[in-house]
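Each remark here refers to the structure printed beneath this line.
Proteins come first, then strands; the chains are lettered A, B, ... in the order of their sequence lines, and each starts at number 1. Computed from heavy atoms alone, side chains included, the values below leave out hydrogens, waters and symmetry copies.
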Amino acid sequence: MRTVREIYGFAIRRRWTVCGLTVAGLAGYWLYVTNSGEIFPDAVGRGSSPVWVYFKLLLSGAVFAGLIWLGWSWLSLRRQIASIIRQLKKTGENSSSLMVRGEKKQEWLNTGHGARGTGHGLVKAIDDRLGRDSECIKGLEKQVEDLQIHRRLLQRQRQNIEAIIYSISDAVIAIDEFDKVLLANEAAGRLFGFNHKDCEHKKLSELIDADKKEFVEFLRKGRQSKVGHKRKEIEFSANDNVKVYDCIVSCAYDASKKVSGVIAVLHDVTREKEVSQMKNDFVSHVSHELKTPLASITAYSEMLVDGEAQDEDMRKEFYSVIQSQAKRLNRLIEDVLNISRIESGMVKIEKRPLSLTILIEEQLQMINTYAQEKGIRVITETPIVQEQVNADRDMMSQIIINLLSNAVKYTHSGGSVKVATEVDEDKGIVRVLVSDTGVGIPEDEVEHVFDKFYRVGKNNHKAKGTGLGLNLVKQIVEKVHKGRVFVRSKQSEGSTFGFELPLARAEALKMT
Amino acid sequence: MVREPSKGVYINKYADEVHRNEFLGVGGKMEKKKILVADDEIHIIHVVAIKLRNNGFEVVTAEDGKEAYELACKEKPDVVVTDYQMPRMNGLELVENLRQNDSTKHIPVIMLTARGFAIEDDKREALQVSYFLSKPFSPKELLRSIEDVLQQSAVPMKYTGKEI
């Protein structure tokens, strides 16, 4: 079989040689036959045996038949190849082949030198096709990879944006045009009492309680009005305390400039409101406090001008009232300025180690005359503390005199004022206590005595005051010296005011 | 009567000495008019009391709103002069209380205040406060206002809270 195939293969390969030889043979034979004029008798006459002639005839017939078979088989092979090309073309229709059909055919023909050449061409074509297909697949794979990277990038961006929105301390809610939530952050969840992680695509009215309807309405109005931004202060009550939120609603527009959603940002302004209220109160309070001595001054001076004071004594009294009220006015202004300086941190503070006991001794000498006039005993308790604190001398003198003069002011004649200092080694603090046997403070008012302008109503008429002295003490001790003020009081039995300051060495230890 | 706004106060231009003596009968047959003065500032009470006594009024004083109310019920003054800001009971609360009590609801009130703006107009009307004098005030002006109020109440038909 192998031999047959080899011969066949050889015949196929050398088909033009075989064809040439056959044609040459046939032509020779034809010349030979036509030259003689007769076929068989002449041939016999020229010494050729009929067997030989017959053999030659047979041979040329066989060669002729072989030629026809060869041609036929070659044609059929071409047909087969063409059909394979078509088949391949069909499968590779989507591939990005640059070759047009004619060129491809040409290529197939060019490679087709004999049957084996044709086979080679086919293999090459298939290889090429596979190569192109794999290239195409590689391209697709790259595209897929690119898309995946892109997707991850988008995911990352989304996560970043979500992280930003979630981390905002203001409540943020975005809704679509059907009032369904697109996004809400944790602060919003906390404010309205829902889980911000699974609020997406839920109706706003389902998520938010009925008592916060004002906000829902405002959001809806903001969407319907189609105005860029809307702002409103809305109050929300939660756990008995009312919080004020500055609510800004902004519309989001799509490409055709239609409102596609609304974003609401709610900022808690409760504290700001309180501060501004406090400032307003402070201003109105200060003006009232300033007007009170001013009212006395103007009234008394007018009386003097109008000659309403009948005698010299009354005139003198009027003059002294004017004088004392002018002093009070000045003191008040000083106190207000001092407090505002301390609050704004504009006051110059010179802290250096000093002994409180020595300071107290100094101030006691100043207050003693006043106390003696009123018939009040001032007692200093031993042991004298020599421990030092880091403090501003002038400020310390101010608060000690404030506490001492308060104690004397609100104590009846015959009472006593006691000053004591003690050191708490464990806490590293020194404590100063000023106790009196005076009028005391009603229980419900004790906590307010350090407030600005607060004056205990019942004791108001007993002594003059600006309502700023104790606030100044608090500011100096707590704000400037990081200490603590405290008060204990019982009505009509007396009060104890005091403050604690860290010891200088305890502070030094903390530093190291 | 001519109404002339001056620091939010209406002044009766004709309330001169003659008018006052006629209406109030100072030194005459009529008995002294009683004025209740309430203020937590002792100096103010003092100066107002001197001014009013010098001009022939009887003066009772109180140092806070509660005391003033109790005194008003007891003494039945002809006019109440009160400060706005006072301990225990402020001026407005005092007027509210006076208006609720049958025996005191007709008493005209003059309010001294450093913050007149803090009181809304409709409240002023409802409480029928005759005058608001802003601090610092002039004792002369106060005296004129008191006379004015007394003059109005002397002719009850004409007295309406709305006028003010």
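Under a 3.5 Å cut-off, the side chain of A:Tyr300 and the backbone N or O of B:Ile44 do not form any donor-acceptor pair.
Contacts between A:Glu302 and chain B at a heavy-atom distance below 4.5 Å involve the side chain alone, from C-beta outward.
In summary, A:Arg328 and B:Glu41 engage in a salt bridge, as defined by a charged side-chain N under 4.0 Å from a carboxylate O.
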Show, in sequence, the C-alpha distance, side-chain angles and deciding distance for A:Leu294 and B:Lys135, and conclude whether the side-chain contact (heavy atoms from CB on, under 4.5 Å) test is met.
CA-CA 8 Å; A:Leu294 200 62; B:Lys135 275 185 176 179; over 6 Å; no

Derivation of the side-chain contact (heavy atoms from CB on, under 4.5 Å) call for A:Asp306 and B:Lys51
CA-CA 10 Å; A:Asp306 289 356; B:Lys51 182 79 183 175; 3.8 Å; yes

For A:Val321 and B:His46, run side-chain contact (heavy atoms from CB on, under 4.5 Å): C-alpha distance rounded to whole Å, both residues' side-chain angles, the deciding distance at 0.1 Å, then the answer.
CA-CA 10 Å; A:Val321 170; B:His46 190 55; 5.6 Å; no

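Taking OG of A:Ser324 as the start and NE2 of B:His43 as the end, the distance is 4.5 Å to the nearest 0.5 Å.
Between B:Val47 and A:Glu308 the shortest side-chain heavy-atom distance does not fall below 4.5 Å. You'll find the side chain of A:Thr298 stays beyond 4.5 Å of the side chain of B:Phe137, heavy atoms only.
For CE of A:Met314, the number of neighbouring non-hydrogen atoms (other residues, nucleotides, ligands) closer than 6.0 Å is greater than 12. Annotation for A:Lys273: atom NZ does not count as buried by contact number, only 12 or fewer foreign heavy atoms lying within 6.0 Å. Residue A:Lys232 qualifies as enclosed at atom NZ: its count of foreign heavy atoms under 6.0 Å is above 12. Counting non-hydrogen atoms of other residues, nucleotides and ligands closer than 6.0 Å to NZ of A:Lys490 gives a total of 12 or fewer.
Contact between B:Pro136 and A:Ala295 at its shortest, heavy atoms only, is CB-CA, 3.6 Å.
Of the listed residues B:Leu112, B:Ile50, B:Ile42, the one with more heavy-atom pairs under 4.5 angstrom with chain A than any other is B:Ile50.
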